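Quick notes on the structure that follows.
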Amino acid sequence: MIVTIDGVAASGKSSVSAGVAQALGVPYVSSGLLYRAATLLGLEAGTDLGDARALLTCLEAAPPRLEPLASGNRVWQGGRDLTPDLHSSRVDSGVSVVAALPGVRAWVDAQLRALPQPFVAEGRDMGTAVFPQAGAKFYLTASPRVRAERRASERPEEVDAIEAALVERDRLDTLQSVPAEDAQVIDTGGLSLQGVIDAVLAGLPRA
Ligand SMILES: Nc1ncnc2c1ncn2[C@@H]1O[C@H](COP(=O)(O)OP(=O)(O)OP(=O)(O)O)[C@@H](O)[C@H]1O
Ligand SMILES: Nc1ccn([C@H]2C[C@H](O)[C@@H](COP(=O)(O)O)O2)c(=O)n1
C-alpha cells in the first residue's frame, strides 16, 4: 500500500513520514528532495532556473537518484551524495521556480512512480497528481509562526525571517499544494511530533 503525506513547507512532512514508515516497517519517499536536487544542479551549472530545457539537459546528462531508506532519504549523483547541500538557503530560494516547471515535474513524477512499493510518500501532490490511487492520504498544516519556530531550532536565521520566507514559499507553491479531496487534514499546531505520527497511524485503514 502507498500512504501519502502532503502539506505546506515545514509542516512536519518528512519527520512524520519517517515515524509512520518506521512503525509500518516500510521506507518513506521524500519527493521534495528531487526538486531540491534539480535546483542544486541547476545552480551549480549556472543555469537559469526558469529554463526547463536546460535543467532537463542537466538532469538527463547525470541523473540524481533518490535512495528512500527507512532511516532517511539521500540523493546521489553517481558517487556524490548531494543530500547535505539540499537544504541551504539558496536552494530554498530557487526551488519553487524549478518545481513550477511542468517538464521538471514530469521528470520527478517518473522517478517516483518507478520506485518499488510499498512506501510512505511525502510532498505536495503525492495524493493528488502522483499517487491518486494511494490507500490512505493525509495533509499536514500549521500556522507560519509555529512552523518558523520549529525551523528556528535547527537553523541560525531569526524566526521572523524564517516565517517571512515560509509565507513566500507557501505563496509560490500554492498551485501544487492542494489537499486531495479524500485526504485527512491534520493541524499539527497543538500536537507533538509523536502526536502527529499517532494521528496518522490511527487514520490508516484496518488491515
Ligand atoms: N508536531 C511537531 N511538533 C514539534 N516539532 C515538529 C513537529 N513536526 C515537525 N517538527 C519539527 O519541525 C521541523 C520541520 O519538520 P520537517 O522537516 O519534518 O518538515 P517538512 O514539512 O518535511 O519540511 P520541508 O517542507 O522544508 O521539507 C523539524 O525540526 C521537525 O523536527
Ligand atoms: N511533491 C512535491 C514536493 C516538493 N515540491 C516543491 C515545493 C517546495 O518548494 C520544494 C521543496 O519541497 P520541501 O523539501 O520543502 O518539501 O519542492 C513540489 O512542488 N511537489
Side-chain angles (χ1 to χ4, degrees), residues 2 4-22 28-40 42 49 55 66 72-73 75 82-83 85-113 115 120-132 134 137-155 157 159 162-163 165-180 186-200:
I2 295 178
T4 60
I5 301 185
D6 290 308
V8 289
S11 55
K13 301 180 298 294
S14 50
S15 319
V16 171
S17 297
V20 170
Q22 196 175 14
Y28 77 98
V29 170
S30 188
S31 59
L33 290 184
L34 284 174
Y35 291 103
R36 289 175 178 277
T39 307
L40 176 69
L49 294 184
L55 282 174
L66 183 68
N73 282 212
V75 183
L82 303 179
T83 322
D85 298 326
L86 297 180
H87 282 91
S88 65
S89 297
R90 70 180 188 139
V91 171
D92 277 0
S93 305
V95 67
S96 297
V97 173
V98 172
L101 300 171
V104 173
R105 298 200 75 77
W107 182 86
V108 168
D109 293 355
Q111 311 301 308
L112 297 170
R113 292 186 182 121
L115 294 169
V120 176
E122 64 95 351
R124 300 297 195 292
D125 59 348
M126 297 298 97
T128 50
V130 187
F131 300 116
K137 302 179 186 178
F138 299 87
Y139 190 92
L140 307 185
T141 66
S143 71
R145 193 66 186 180
V146 165
R147 290 182 278 140
E149 281 166 355
R150 290 173 181 168
R151 272 275 177 258
S153 64
E154 51 182 27
R155 289 189 185 189
E157 292 110 285
V159 69
I162 296 175
E163 184 179 359
L166 282 175
V167 169
E168 177 61 2
R169 202 138 66 86
D170 286 353
R171 188 183 70 75
L172 295 171
D173 291 336
T174 306
L175 271 186
Q176 62 261 26
S177 296
V178 179
I186 301 174
D187 183 344
T188 73
L191 295 172
S192 66
L193 178 54
Q194 189 58 48
V196 183
I197 293 168
D198 291 343
V200 170

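These numbers come from a predicted model, not from an experiment. Below, each value reflects all heavy atoms present in this structure, side chains not excepted, and no hydrogens, waters or symmetry copies. Order of appearance sets the numbers: ligands from 1, and atoms from 1 within every ligand. All residue numbers refer to positions in the sequence shown, counting from 1.
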Ala9 to ligand 1, any heavy atom closer than 4.0 Å: yes
Protein contact to atom 9 (C) of ligand 1 [nearest heavy atom, distance to 0.1 Å]: Gly12 CA, 3.6 Å
Close side-chain approach of Ile5 to Met126, heavy-atom, < 4.5 Å: no
Atom 20 (N) of ligand 2: nearest protein contact (heavy atom, Å): Arg105 NH2, 3.0 Å
Under 3.5 Å donor-acceptor, Arg105 side chain and Ala100 backbone: no
Atom indices of ligand 1 within 4.0 angstrom of Glu154 heavy atoms, with elements: 28 (C), 29 (O)
Atom 10 (C) of ligand 2: nearest protein contact (heavy atom, Å): Val95 CG2, 3.5 Å
Any Leu40 side-chain heavy atom under 4.5 Å of Arg90 side chain: yes
Closest to atom 8 (C) of ligand 2 (judged by heavy-atom distance), picking from Leu101, Asp173, Leu175: Asp173
Interfacing atoms of ligand 2 (cut-off 4.0 Å, heavy-atom, Lys13): 16 (O)
Where ligand 2 meets Asp125 - atom numbers and elements under 4.0 angstrom, heavy-atom basis: 1 (N), 2 (C), 20 (N)
Where Gly189 and Asp187 come nearest, the two heavy atoms and their spacing: N-OD1, 2.9 Å
Closest to atom 15 (O) of ligand 1 (judged by heavy-atom distance), picking from Ser30, Ser11, Ser15: Ser15
Within reach of ligand 1, part of Arg151 (heavy-atom separation under 4.0 Å): side chain
Polar proximity ligand 1 side, Ser14 side, N/O cut 3.5 Å exclusive: yes
Atoms in ligand 2 with a heavy atom of Met126 nearer than 4.0 Å: 1 (N)
Where ligand 2 meets Ala99 - atom numbers and elements under 4.0 angstrom, heavy-atom basis: 6 (C), 19 (O)
Proximity winner for atom 12 (O) of ligand 2, if only heavy atoms of Gln176, Arg124, Glu122 are counted: Arg124
Element-labelled atoms of ligand 1 that are located less than 4.0 Å from some non-hydrogen atom of Leu193: 1 (N), 2 (C), 3 (N), 8 (N)
Between Thr188 and Arg150, a side-chain donor and acceptor under 3.5 Å: yes
Under 3.5 Å: donor-acceptor pair, side chain of Lys137, backbone of Pro179: no
Heavy atom of the protein closest to atom 17 (O) of ligand 2 (residue, atom name, distance): Tyr35 CB, 3.6 Å
Arg151 and Asp92 ion-paired at < 4.0 Å: no
Arg36, Arg150, Glu149, Arg147: member with heavy atom nearest to atom 11 (C) of ligand 1: Arg150
Leu191/Ile186 under side chain to side chain contact (heavy atoms under 4.5 Å, CB included): CA gap, chis, key distance, verdict: CA-CA 9 Å; Leu191 295 172; Ile186 301 174; 3.9 Å; yes
Non-hydrogen atom of Ala9 closer than 4.0 Å to ligand 2: no
Working for side chain to side chain contact (heavy atoms under 4.5 Å, CB included), residues Val159 and Arg145: CA-CA 8 Å; Val159 69; Arg145 193 66 186 180; 3.4 Å; yes
Worked check of side chain to side chain contact (heavy atoms under 4.5 Å, CB included) between Tyr139 and Thr4: CA-CA 8 Å; Tyr139 190 92; Thr4 60; over 6 Å; no
Side chains of Thr174 and Arg124 in contact at under 4.5 Å (non-hydrogen atoms): no
Test item, Arg169 contacting ligand 1 (heavy atom, 4.0 angstrom): yes
Leu172: which of Glu168, Gln176, Arg169 passes side chain to side chain contact (heavy atoms under 4.5 Å, CB included): Glu168
Short side-chain to backbone donor-acceptor contact, Asn73 and Leu66, under 3.5 Å: no
Proximity of Ser192 to ligand 1 by residue part, where a heavy atom lies under 4.0 Å: backbone
Under 4.0 Å to a heavy atom of Val196 - the qualifying atoms of ligand 1, by number: 1 (N)
Heavy-atom closest pair, residues Ala180 and Gly127: CB-O, 3.7 Å
Contact check: Glu122 vs ligand 1, nitrogen or oxygen atoms, below 3.5 angstrom: no
Donor-acceptor contact below 3.5 Å, side chain Arg147 vs main chain Ala9: yes
CD (Gln22) with more than 12 external heavy atoms under 6.0 Å: no
Nearest non-hydrogen protein atom, atom 15 (O) of ligand 2: Arg169 NH1, 2.9 Å
Element-labelled atoms of ligand 2 that are located less than 4.0 Å from some non-hydrogen atom of Ser96: 9 (O)
Ligand 1 contact on Lys13 by region, counting heavy-atom pairs under 4.0 Å: both
Ser31 neighbourhood, listing ligand 2 atoms whose heavy-atom distance to it stays under 4.0 Å: 1 (N), 2 (C), 3 (C)
The single option from Thr39, Leu86, Leu49 passing side chain to side chain contact (heavy atoms under 4.5 Å, CB included) against Val95: Thr39
Taking atom 14 (O) of ligand 2 as the reference point, the nearest protein heavy atom with its distance: Arg36 NE, 2.8 Å
N/O separation below 3.5 Å, Ala10 to ligand 1: yes
Polar proximity ligand 1 side, Leu191 side, N/O cut 3.5 Å exclusive: yes
contact_flag Gly32 ligand 1 heavy-atom lt 4.0 Å: no
